[in-house]
Amino acid sequence: MTSQSNGDIAAVLDRVIGMPAAIHDDNGENESEFLPSSEFAGSKAGYVFRTARLGTGYYRDAPSTDASSRPETKRIKLDDDDHDDDHQQDVASKPRTVRFDSTKDTAHAIPPRQPSGRELLALAEQQQQQQQQTPRRLLDPRSPKSIRSACAALQKTLSENTVQRARHPDDPREFLSSEVRLHDEIVAFRDLAVHLPSYETLVQSGAVGTLLAASSHENVDVAASVFEVLAELLDPASLEERTPTKDDEDEDASLQQRAYNLGLLAEAFVRGGGLEALSANLGRLDESVREEAEGVEDILTLLEALLDLERAGVLRELPTQSDRESTSIVASICETKLLSWLFRRIETNNDADDNATASAPISPAVIRLHASEVLATILQHEDYSMKQCGTRLASCPEYTSIFDESDEKPRADDAVNQKNNADGANDDKNKVDGMEILLLSVAAYRKSDPQVEVECEFLENVFDALAASLLRADNVADFVEKEGIELMLRCIREKVHSGGGALKVLNFALSGSAPEVSPEKNPESHQPHDPNHIYKRACQVFVHAGGLKLLFPLYMARKSAIPSPAACSEGGSELARKAAGDARSKRAKRAARARKKWLAEAEENAIYIVYALTRHIDEESKYDSYSRLVAKFVEEECVSDFFYGAMDRHCSFHCFSTNHSEEFLCPSLQEKCDRTMELCLKYDEKARIAEYQYFRSDEAEEAEQLGLDVDVAALGAKLRGGGDIFHRLCAILSFACVGSARSHGHVRDRLKLQGSSISGEFDSCARRSKTNLDVILADFLELLHLRSPVIKEGLTEFASLLVAGSQKTQIEHYLSNI
């Protein structure tokens, strides 16, 4: 340890124990307020040698010191007759210096000198060397006796340290030794992570409660060590499959036992108030200090571990405070103020994070990224989105901690604040607007791309959290009110990286997954609080903000309209662009797959948004939304080169029927309807292939052996493979046909043209072509291979999967009018 580092640590210790800070004179030199000295060593400029509160030494001379005004002091001798023998021995063993005040008949004892930071540092190093010489008692994970003994020792050390701190709050030398020993005993429990069956003994010994009690210790390092140990003990990686050892008689049984032990420890942690301890400690950890920054990371890692364990089915549902119904980890988190802290943490902009400290071993931007990951995981949980636990994001409670010291020093405006709170004027100030924070985080990238990978991942996490929160109708209302739709359209218009996430957010905001409310069952279904009314209003705002102009170029798959991924992302890298045609290396193939996934997600989100508009917009919608949407399917400002360009360049040809011949000419095309039919063919084929592959997989055989319904499982595979999008495309095409007779006639003519072109004479004519006209016609026939029964079958299957409500009624209306 260098002398400079020793000086820094000593300065910190001086600050902790309340030693006077160094004073700088006009020349910039350090001048201490007190210079300890056991005897007079000559006069010093600006100092007075005396014995006072800090002991004997040189004190800074006050500017207004007058010898005549100072009280006269003289030494007195204590009378031995005034004390008993015990007290005389105490006085002899601890000589005290008293000061006599001539104005008062009292004697004041001078307190002992408080140790400086350097002295405490030397004492700690000495004790550490002594402990290193004494070998630490190892904790045997396979010995229940050793575990119980360690738990008892931890409880004893914690109690001893608590008593010593209470007796000597101003003398760290009295409790320093027990505090170091307490830290070492807590860290020793990390050895149990190698043997998960030891968790049962650990829980039965009450060690979890002792660790949680230590998490509220005044020393932040002790509390941080608790979370470090728990994060390692509850690591979900312990559930991963591994090679069986000699102790594992059966791998399956060993995996079940490991899951049971992890669940036992995690449940004991949550039941004992572990989530409240995590929330409270986040408020007192300073990220500019290395140990405390690591403590924040350990807390976030521990939260992720609990969520992963619950997702893996390890955690059973936990009882609530009322013990009447069970709840999940996410529901328990929503009862604390962890969400508020996560929102406050991601609210910090990048500049403040980067400039927070230059010597921090953990970048604040990394902690911000970790906080966004945990927030997205919580909001994506079904208990928040479907069961609607917790409050809406716009009204989260303000974060507070039991370690806050604001109540020790009441502010002057407390009376004014209390009056405003009584009147309800400070309700918004006492809330954390999580929706506003998420939108502001997106707005920072509305015109530019993230520059580094950390920023790119942070933006993706924010989009995931925002999209998941919109599964709740109350959050959608706040999203529309705060002009979230306009912000998302701005990102798409700029064609930057945030445009891809904006499409996903708009998909969730307009589609919705709230329970259907039938107007017959609920007469108030058209009220503002009704989910159907909220999503309908969102679609109207989307059309009014010019969303159709940006949406349909994406629906038509025009490359110039698709947002580009950032260069720091895998899909937007230069390697991904070069490897699009020929990917040879593994890295190039991975980049090419990422870019292909980006384009596929943009297409799928555009389809879902178009379907949401056709579902929620009707003739009664505001801003003339219905007529504007229908007009998009009949406009002909851009006719596909697939027909006009290719056909006009080559020729018009004749198709012969059995009775007469007629000239085959391509009629006028409606681009959106043709694109919808093309997409129907594409996703219907993908869905059928997915269903076929499932029937030929081992998963189907295992399901049949277990007595499960294979047809239902195959239907799920079909929907995941593209059947869900195919159903919505059928509904979009039906909306265009029902809303416009022109579109209906166009689709009908295409289907008739398909039926007349199946004859052999037409095929022979196409084969005789020496140009690429045969390829164009083959693609055209493949596009129009979609027959009327396929559309109706898709709608019928879609209606059979829906519950009774407005959506099912709409699909049945399409079936009766096509």
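What you see is a predicted model; the values in this text were computed from it and never measured.
- In this structure, Arg284 satisfies the cation-pi test against Phe403, with its NZ or CZ atom closer than 6.0 Å to the six-membered ring centre and inside 45 degrees of the ring normal.
- For Pro397 against Val432, the heavy-atom pair with the smallest separation is O-CG2, 3.7 Å.
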task: Would you sort out whether Leu182 and Leu154 count as a side chain to side chain contact (heavy atoms under 4.5 Å, CB included), showing the intermediate values?
output: CA-CA 7 Å; Leu182 176 64; Leu154 176 63; 3.6 Å; yes
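- Minimum heavy-atom separation, Ser215 to Asn281: O-OD1, 3.0 Å.
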task: Please test Trp341 against Ser279 for side chain to side chain contact (heavy atoms under 4.5 Å, CB included), starting from the C-alpha separation and ending with a verdict.
output: CA-CA 8 Å; Trp341 184 91; Ser279 176; 6.0 Å; no
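- Ion pairing between Arg142 and Asp140 fails under the 4.0 Å rule for side-chain N and carboxylate O.
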message: Glu179 vs His183, test: side chain to side chain contact (heavy atoms under 4.5 Å, CB included). Steps then yes/no.
response: CA-CA 6 Å; Glu179 207 148 292; His183 178 274; over 6 Å; no
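- Remark: of the listed residues Leu233, Leu264, Asn261, Leu233 is the sole one forming a side-chain contact (heavy atoms from CB on, under 4.5 Å) with Leu202.
- For the pair Val203 and Ala268, the tightest heavy-atom approach, listed with the atom from each and the gap, is CG1-CB, 3.9 Å.
- A salt bridge links Glu294 with Arg290: the distance from a Lys NZ or Arg NE/NH1/NH2 to an Asp or Glu carboxylate oxygen falls below 4.0 Å.
- Ionic pairing of Arg165 and Glu218 is present here: one or more N-O contacts between side-chain nitrogen and carboxylate oxygen are shorter than 4.0 angstrom.
- Contact record, Ala193 with Leu196: O-CD1, 3.5 Å, taken as the closest heavy-atom pair.
- A salt bridge (charged side-chain N to carboxylate O under 4.0 Å, His left out) with Glu398 is found for exactly one of Arg344, Lys431, Lys337, namely Arg344.
- For the pair Arg60 and Tyr47, the distance from NZ or CZ to the six-membered ring centre is under 6.0 Å and the angle to the ring normal is within 45 degrees.
- In summary, of the residues considered (Lys156, Gln164, Glu160), a side-chain hydrogen bond (donor to acceptor under 3.5 Å, both in side chains) with Ser178 occurs for Gln164 alone.
- With no hydrogens or angles considered, a side-chain donor-acceptor pair links Asn461 and Ser372 at under 3.5 Å.
- The backbone N or O of Glu276 sits nowhere less than 3.5 Å from a side-chain atom of Thr336 that would complete a donor-acceptor pair.
- In summary, the side chains of Glu185 and Thr157 do present a donor paired with an acceptor at a separation below 3.5 Å, with no hydrogens or angles considered.
- If you run side-chain contact (heavy atoms from CB on, under 4.5 Å) between Leu234 and each of Val229, Leu265, Asp308, Thr301, only Leu265 comes through.
- Using a 30° and 60° split on the angle between ring planes, Phe34 and Tyr59 fall in the tilted class, from 30° to 60°.
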